[in-house]
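The structure appears right after this line, and notes come after that.
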Amino acid sequence: MDCQDEVNCGLHLVIQTSSLPEKNKVEFKLNKDTSSFPGRLLQHDLERNYSSRQGDHINLVSSSLSSFPILQRSSEEKILYSDRLSLERQKLTVCPIINGEDHLRLLNFQHNFITRIQNISNLQKLISLDLYDNQIEEISGLSTLRCLRVLLLGKNRIKKISNLENLKSLDVLDLHGNQITKIENINHLCELRVLNLARNFLSHVDNLNGLDSLTELNLRHNQITFVRDVDNLPCLQHLFLSFNNISSFDSVSCLADSSSLSDITFDGNPIAQESWYKHTVLQNMMQLRQLDMKRITEEERRMASVLAKKEEEKKRESHKQSLLKEKKRLTINNVARQWDLQQQRVANIATNEDRKDSDSAQDPCQIDGSTLSAFPEETGPLDSGLNNALQGLSVIDTYLVEVDGDTLSLYGSGALESLDRNWSVQTAGMITTVSFTFIEFDEIVHVLPKLKIKFPNSLHLKFKETNLVMLQQFNALAQLRRVDQLTIDPQGNPVVNFTLWKYYVLFRLSHFSMQKINGTEVTQNDMIMAERLFGILAHVASSELPQYRLISILGDARKKQFRYLLESKGKKPGIINEENNDSKRLVGENTNRATLNYTTRDFYNEKLEEIKEKKKFCKTYIEDLVKEATEINMKNEALQKLWPQMFIELVRDAVIEIRNKNSYMKLCLQQITDQK
């Protein structure tokens with residue numbers, strides 16, 4: 001009968017694991033059906049009585065032929081304990097030679113000082129080997145023990161799992177309290193049910209494939225940060241991960257895919273301190289019956305499900321916001337890149353024009369070369385990270401429109417078209433701040449009337465990278481309804497380098513009673529200084545304009561005021577006249593400022609084209625008038641030459657006709673009759 005058959009017919013193994021953290025070694029019972037050992041309990045820390053009784057009949061005899069002691073047992077001991085031997089607490093430093101004990105099945109070397117496993121290769125029927133609490137540094141000397149089912153090597157100095165290739169029937173492997181840093185060389189143990197690796201130096205869990213019978217895995221008191229391959233263990237029911245360094249569920253996410261796991265512990269890990277810990281574990285591991293050695297109730301499952309759903313919604317929303325944030329960042333980067341290219345083109349064109357003016361004979365090939373060198377970004381590849389993100393998010397937008405609370409942010413000139421969309425009354429009324437970035441100011445000027453209509457409550461304007469280069473451009477803001485705050489970012493707006501630009505803004509937009517400029521409060525002294533600096537300029541500008549031109553500049557309401565003042569000037573004396581003078585003074589100030597307007601380049605170019613067309617039309621019209629006048633004059637001169645002769649002939653014909661009065665009268669009557 002082989003060893004497997006002997007095990008099946010005579011032994012029944014029951015594996016137990018202590019629930020107490022301080023007991024990490026595997027406990028087991030061995031029940032034999034014969035009357036010799038009725039219900040005998042063999043446990044690591046409960047062997048004292050058995051070992052002391054057995055030790056009374058054991059003699060270790062030194063041999064002159066060998067450095068190892070030789071075990072001798074009495075005949076009575078061999079008969080009474082024929083299949084087991086305990087050498088616990090015998091102060092052994094080596095394994096003794098055991099002869100004549102080939103029938104042994106259980107061998108106990110607990111609490112000795114053994115440094116190497118040896119002298120047991122002849123015990124080929126051995127089922128259980130207990131070497132707990134020794135000084136063994138390497139697993140060895142077990143290759144012939146093919147029937148071994150229980151191997152207990154806890155509390156030794158083992159650094160590596162090795163030399164277990166022939167122990168394919170192993171059922172229990174206890175390696176707790178050693179110095180093992182890696183799980184390895186156990187994939188062939190397909191019958192292993194219990195594996196204890198507590199109190200080692202493991203930093204991660206993996207390489208568990210092939211352990212198809214494993215039901216219990218003890219990994220307490222290690223340095224584990226993540227777990228893998230546990231979902232490949234089809235029979236695993238109990239997993240103990242207490243007192244490790246697991247900080248997130250993602251690092252143990254494979255546990256959610258295990259359908260057999262019913263008992264798990266995470267206590268003593270950073271993850272167990274998180275508020276979401278329990279409901280996250282229960283939600284992802286619905287099959288669990290116990291968590292941290294406590295039974296899970298249905299109410300806890302229900303609450304975990306509710307909280308997990310809320311958490312999932314938060315994660316989805318967070319992920320969505322992250323994607324939107326990333327897409328916003330990439331879009332703004334793309335808009336900024338397009339803006340830089342545009343500015344480089346403009347600068348390059350200006351440079352080329354200057355070169356043409358200074359040196360008309362310059363080689364055109366050299367000009368083309370400089371043009372190409374000015375745009376390295378057009379031909380160079382994008383940053384790899386940005387390129388990958390663009391592909392993942394399909395970001396090809398050249399503009400961005402964002403509403404964040406009460407702020408409307410516009411990036412890129414294409415964003416100005418959004419002002420034409422149908423904004424809801426609630427959203428439009430909520431907008432108080434409008435920000436322009438990477439947009440030419442001349443393009444912004446065209447949409448200012450729409451801005452005034454679409455967002456009537458907008459009070460704060462921000463400009464960044466808008467090419468504000470001269471004070472005259474601020475005149476365009478006067479057409480808005482109201483501006484309380486103005487922010488001009490120095491980046492991309494050279495106008496802020498002018499010392500007096502703030503005072504000019506306060507003077508030109510004085511009718512807004514502006515409160516802040518670039519975050520600084522506007523004082524009454526600032527207003528007085530602005531009037532002193534630029535008041536005379538506006539007066540000179542308005543005094544040089546004719547009345548019809550002045551009226552054309554003013555808006556409709558101010559046109560009526562202006563005409564009313566002109567019509568009522570000096571009509572009524574006294575108080576009324578003084579009031580009119582005051583109104584005239586106030587309106588005159590506004591009128592003076594109104595003459596300081598701004599014409600965009602595009603509008604100016606359109607006006608130039610219009611003027612050219614008008615000049616062309618006037619020239620053609622004048623030429624036609626001159627030609628017609630010349631023809632009339634030529635005809636008049638010809639008439640003057642022909643007139644004397646024509647007059648003589650007219651007189652002669654008249655004299656001839658009336659010479660016979662009666663005949664002439666008849667002829668006239670006949671002509672009258674014919675006409676009727």
Side-chain angles (χ1 to χ4, degrees), residues 23-28 42-74 77-78 81 83-145 148 150-164 166-167 170 172-181 196-201:
K23 280 191 174 182
N24 292 304
K25 57 181 181 292
V26 178
E27 303 169 355
F28 64 92
L42 182 62
Q43 185 174 344
H44 291 183
D45 50 1
L46 298 177
E47 284 287 340
R48 294 181 180 179
N49 294 332
Y50 163 69
S51 62
S52 61
R53 289 199 306 272
Q54 187 177 351
D56 294 338
H57 304 279
I58 296 174
N59 294 319
L60 296 174
V61 181
S62 61
S63 173
S64 59
L65 301 176
S66 173
S67 60
F68 300 102
I70 300 174
L71 175 71
Q72 292 182 354
R73 285 204 297 176
S74 65
E77 185 75 15
K78 287 184 179 181
Y81 304 110
D83 62 348
R84 63 183 58 191
L85 175 62
S86 176
L87 296 173
E88 181 181 353
R89 302 183 189 276
Q90 298 297 316
K91 300 181 180 180
L92 297 173
T93 58
V94 295
C95 295
I97 297 173
I98 304 174
N99 291 325
E101 302 278 359
D102 297 345
H103 54 279
L104 278 179
R105 294 188 180 186
L106 284 79
L107 181 57
N108 181 5
F109 284 116
Q110 281 192 29
H111 306 293
N112 283 288
F113 304 99
I114 298 171
T115 59
R116 184 178 180 186
I117 305 172
Q118 52 193 347
N119 299 326
I120 60 172
S121 59
N122 58 318
L123 307 176
Q124 296 185 8
K125 293 183 180 181
L126 198 63
I127 294 174
S128 174
L129 177 60
D130 189 348
L131 286 159
Y132 173 74
D133 190 18
N134 280 277
Q135 298 179 10
I136 299 169
E137 296 183 356
E138 181 183 10
I139 302 174
S140 61
L142 304 174
S143 59
T144 61
L145 307 181
L148 194 64
V150 178
L151 179 58
L152 307 177
L153 292 169
K155 202 173 180 182
N156 278 279
R157 301 176 181 178
I158 299 170
K159 298 181 179 179
K160 182 178 180 181
I161 304 174
S162 61
N163 299 319
L164 300 176
N166 294 332
L167 306 184
L170 204 60
V172 176
L173 177 58
D174 181 12
L175 292 168
H176 84 275
N178 282 282
Q179 302 171 19
I180 298 169
T181 59
N196 188 355
L197 290 168
R199 296 187 184 276
N200 278 280
F201 301 146

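The first residue in the sequence is number 1, and the count goes up from there. What you see is a predicted model; the values in this text were computed from it and never measured.
Interatomic distance, Ile98 CD1 to Leu107 CG, rounded to the nearest 0.5 Å: 5.0 Å. To the nearest 0.5 Å, atoms CZ (Arg84) and CG (Leu106) are separated by 5.5 Å. With values rounded to the nearest 0.5 angstrom, Gln118 atom CD is found 9.0 Å from Ile97 atom CD1. Interatomic distance, Leu152 CG to His176 NE2, rounded to the nearest 0.5 Å: 9.5 Å. How far CD of Gln179 is from CZ of Arg157: 8.0 Å, rounded to the nearest 0.5 Å. Interatomic distance, Leu87 CG to Leu131 CG, rounded to the nearest 0.5 Å: 10.5 Å.
Leu129 places none of its side-chain heavy atoms less than 4.5 Å from the side chain of Leu123. Proximity of Ile139 to Ile158: side-chain heavy atoms (C-beta onward) are separated by under 4.5 Å at one or more points. By the 4.5 Å heavy-atom criterion applied to side chains, Asn166 and Leu145 are not counted as neighbours.
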For this session: Please report the C-alpha distance between Val94 and Thr115 in whole Å, then the side-chain angles of each, then the deciding distance to 0.1 Å, and finally whether the side-chain contact (heavy atoms from CB on, under 4.5 Å) criterion is met.
Result: CA-CA 7 Å; Val94 295; Thr115 59; 5.5 Å; no
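Nearest heavy-atom pair, Asn108 versus Glu88, reported as atom, atom and distance to 0.1 Å: ND2-OE1, 3.7 Å. Between Thr144 and Ser121, the closest heavy-atom pair is OG1-O, 2.8 Å. When all heavy atoms of Arg116 and Cys95 are compared, the closest pair comes out as O-SG, 3.7 Å. Listed here is the closest heavy atom pair of Phe113 and Asn134: N-OD1, 3.3 Å. The shortest heavy-atom contact between Asn200 and Asn178 is OD1-C, 2.9 Å. Between Ile136 and Asn156, the closest heavy-atom pair is N-OD1, 3.0 Å.
For Asn112, there are no side-chain hydrogen bond (donor to acceptor under 3.5 Å, both in side chains) partners at least two apart in sequence or on another chain.
Note: Tyr132 and His111 have perpendicular aromatic rings, judged against thresholds of 30 and 60 degrees for the angle between ring planes.
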